[in-house]
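For reference, the structure discussed in these notes is given below.
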Amino acid sequence: MDKLLNEKFFNQDTSLVAQELLGKFLVRNINGKEIALIITETEAYDGPNDKASHASKGKTERTKVMFGKPGIFYVYLCYGMHYMLNIVTREKEYPAAVLIRGVVAQNSSIVLNGPGKVTKFLKIDKNLNTQKAEKKSGLWFEDRGMQQGKIQKTPRIGVAYAGPLWASKKLRFMIQNV
DNA sequence: ACGATGATGAAC
DNA sequence: TTCATCATCGTA
């Protein structure tokens with residue numbers, strides 16, 4: 001039984017959602033073909049005080065989606081060439097999201113380790129920004145009952161600018177064996 | 001180790 | 001309107 005992850009799932013503590021997403025499936029529909037990949041790596045960006053989060057600067061044109069309802073995609077361009085895929089968490093007006101950093105195919109024929117690779121392979125761009133994670137939008141999450149192995153926790157990547165306190169927090173989550 | 005490449009936000 | 005900055009990746 002495939003279970004679609006809904007708004008209720010994403011309306012929880014951000015680091016909890018980030019960890020729960022490991023072992024779940026990210027499903028993409030491109031021209032009627034479905035591609036399902038297992039999520040292996042995520043990062044949590046939680047709250048207005050997280051200096052590594054875009055939302056720490058307050059609500060702006062770009063970041064207002066993070067203040068919206070959970071279960072909505074936040075997609076933005078980084079370094080002028082890579083789109084980053086995030087899913088908004090927590091209740092409305094609380095800015096938080098989980099960055100999808102890595103996925104693999106069930107038979108390991110595809111390994112995408114890095115947020116830019118994931119979005120490039122799945123043809124994710126700004127069209128999905130502010131869209132809801134459901135079949136209608138062509139990109140969604142499913143629980144297919146996979147066992148998740150041991151979760152490894154490390155500091156987040158590329159967030160040194162956030163200062164030692166926030167850069168050192170272990171909000172990056174990975175699973176090894178799939 | 002480093003350059004590509006453009007949207008974003010803050011300053012002027 | 002201009003400028004510095006950046007949740008990265010591929011090539012060397």
Side-chain angles (χ1 to χ4, degrees), chain A residues 5 10 12-24 26 28 35 37-90 93-105 108-133 137 139 141 151-176:
Chain A
L5 298 186
F10 294 105
Q12 302 184 79
D13 176 76
T14 310
S15 76
L16 175 70
V17 172
Q19 291 173 76
E20 284 288 320
L21 274 176
L22 299 174
K24 300 294 190 292
L26 177 66
R28 175 69 163 142
I35 304 172
L37 300 166
I38 301 160
I39 298 168
T40 54
E41 184 179 341
T42 60
E43 278 181 10
Y45 290 84
D46 189 32
N49 299 320
D50 183 352
K51 292 288 184 293
S53 170
H54 293 161
S56 66
K57 293 201 173 86
K59 195 186 284 188
T60 68
E61 188 57 34
R62 175 172 66 152
T63 63
K64 64 184 180 188
V65 57
M66 291 181 77
F67 291 79
K69 294 206 297 184
I72 306 285
F73 291 118
Y74 169 39
V75 182
Y76 71 94
L77 186 66
C78 189
Y79 298 105
M81 46 178 65
H82 300 293
Y83 286 101
M84 303 285 121
L85 174 66
N86 300 252
I87 183 75
V88 175
T89 61
R90 297 289 298 265
E93 298 308 325
Y94 185 93
V98 173
L99 170 67
I100 309 299
R101 291 191 57 88
V103 299
V104 294
S108 294
S109 58
I110 301 166
V111 179
L112 304 171
N113 53 338
K117 296 180 189 175
V118 174
T119 53
K120 186 184 174 194
F121 183 83
L122 293 176
K123 305 198 189 310
I124 291 163
D125 60 17
K126 290 218 71 157
N127 291 326
L128 279 158
N129 192 35
T130 73
Q131 294 241 36
K132 194 174 169 185
S137 65
L139 185 66
F141 299 91
I151 297 178
Q152 195 178 340
K153 305 177 188 180
T154 75
R156 292 172 290 182
I157 301 298
V159 295
Y161 64 89
L165 175 65
W166 288 97
S168 65
K169 284 184 184 295
K170 294 187 175 181
L171 293 173
R172 178 185 182 217
F173 308 102
M174 293 177 288
I175 49 174
Q176 308 293 357

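Owing to the predicted nature of the structure, the values given are computational and were not obtained by experimental measurement. Throughout, protein chains are lettered first and strands after them, A, B, ... in sequence-line order, and every chain is numbered starting at 1.
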Would you give me the side-chain donor-acceptor pairs under 3.5 Å for residues 153-168 of chain A, sequence neighbours excluded?
residue: A:T154; atom: OG1; partner: A:R172; partner atom: NH1; Å: 3.4
residue: A:R156; atom: NH1; partner: A:A44; partner atom: O; Å: 2.9
residue: A:R156; atom: NH1; partner: A:D50; partner atom: OD2; Å: 2.8
residue: A:R156; atom: NH2; partner: A:D50; partner atom: OD1; Å: 3.2
residue: A:R156; atom: NH2; partner: A:W166; partner atom: O; Å: 3.1
residue: A:Y161; atom: OH; partner: A:A52; partner atom: O; Å: 2.9
residue: A:W166; atom: NE1; partner: A:N49; partner atom: O; Å: 3.3
residue: A:S168; atom: OG; partner: A:P164; partner atom: O; Å: 2.8
residue: A:S168; atom: OG; partner: A:L165; partner atom: O; Å: 3.1

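- For A:V75 against A:L85, the heavy-atom pair with the smallest separation is CG2-CD1, 4.0 Å.
- Of the listed nucleotides (C:dT8, C:dA7, B:dT8), C:dT8 has the atom at the smallest distance from the side chain of A:H82.
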If you restrict it to nitrogen or oxygen atoms, what contacts under 3.5 Å exist between nucleotides 10-12 of chain B and the protein, and what is each distance?
none

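- If A:C78 and A:T63 are placed on DNA chain B by their nearest nucleotide, the residue sitting closer to the 5' end is A:C78.
- The side chain of A:R172 contributes no N or O atom lying less than 4.0 Å from OP1 or OP2 of C:dA7.
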Side-chain donor/acceptor pairs under 3.5 Å, residues 114-121 of chain A, sequence neighbours excluded:
residue: A:K117; atom: NZ; partner: A:N113; partner atom: OD1; Å: 2.9
residue: A:T119; atom: OG1; partner: A:Y83; partner atom: O; Å: 2.7
residue: A:T119; atom: OG1; partner: A:P115; partner atom: O; Å: 3.3
residue: A:T119; atom: OG1; partner: A:G116; partner atom: O; Å: 3.1

Test salt bridge (charged side-chain N to carboxylate O under 4.0 Å, His left out) on A:E43 and A:K169 and set out the steps.
CA-CA 11 Å; A:E43 278 181 10; A:K169 284 184 184 295; over 6 Å; no

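- If you check every strand for non-hydrogen atoms under 4.0 Å, A:L99 touches a base.
- At the heavy-atom level, A:R62 lies under 4.0 Å from the strands shown only through sugar-phosphate atoms.
- Between A:E41 atom CD and C:dT8 atom C1' there is a gap of 13 Å when expressed in whole angstrom units.
- Put simply, CG on A:L77 is 12 Å from C1' on B:dA4, counting in whole angstrom units.
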For A:H54 and A:T60: C-alpha separation, side-chain torsions, deciding distance, then whether side-chain contact (heavy atoms from CB on, under 4.5 Å) applies.
CA-CA 9 Å; A:H54 293 161; A:T60 68; over 6 Å; no

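- Between the CE atom of A:M84 and the P atom of C:dT5 there is a distance of 20 Å, rounded to whole Å.
- As rounded to whole Å, 13 Å separates atom C1' of B:dT8 from atom CG of A:N129.
- With a 4.5 Å cut-off on side-chain heavy atoms, A:I87 and A:L5 do not count as touching.
- Within residues 45-55 of chain A, the residues that place at least one heavy atom under 4.0 Å from DNA chain C are, in residue-number order, A:Y45, A:A52, A:H54.
- Closest heavy-atom contact between A:T89 and A:Q12: CB-O, 4.2 Å.
- At whole-Å resolution of the value, OH in A:Y79 and P in C:dC9 are 10 Å apart.
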Please convert DNA chain B into dot-bracket. A pair counts if it is Watson-Crick or G-U wobble with both distances under 3.5 Å; crossing pairs go in [ ] and bases paired with another strand get |.
||||.||||||.

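- Using a 4.0 Å cutoff on non-hydrogen atoms, no part of residues 163-170 of chain A comes near DNA chain C.
- Taking every side-chain heavy atom of A:K117 into account, C:dG10 is the closest of B:dA7, C:dG10, C:dA7.
- When the C1' atom of C:dC6 is taken as reference, atom CZ of A:R156 falls 15 Å away, rounded to whole Å.
- Nucleotide C:dT8 holds its P atom 14 Å from the CG atom of A:L85, rounded to whole Å.
- Looking at heavy-atom distances under 4.0 Å, A:M81 makes contact with a base.
- Both tests hold for A:K59 against A:F67: distance to the six-membered ring centre under 6.0 Å, angle to the ring axis within 45°.
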Apply the test side-chain contact (heavy atoms from CB on, under 4.5 Å) to residues A:Y74 and A:L99: give CA-CA distance (whole Å), side-chain angles for both, the deciding distance (0.1 Å), then the verdict.
CA-CA 9 Å; A:Y74 169 39; A:L99 170 67; over 6 Å; no

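- Of all heavy-atom pairs between A:F73 and A:L128, the closest is CB-O, 3.4 Å.
- As a whole-Å value, the separation of A:L112 CG from C:dG10 P is 10 Å.
- Considering only side-chain N and O atoms, A:Y76 lies nowhere under 4.0 angstrom from the phosphate OP1 or OP2 of B:dG6.
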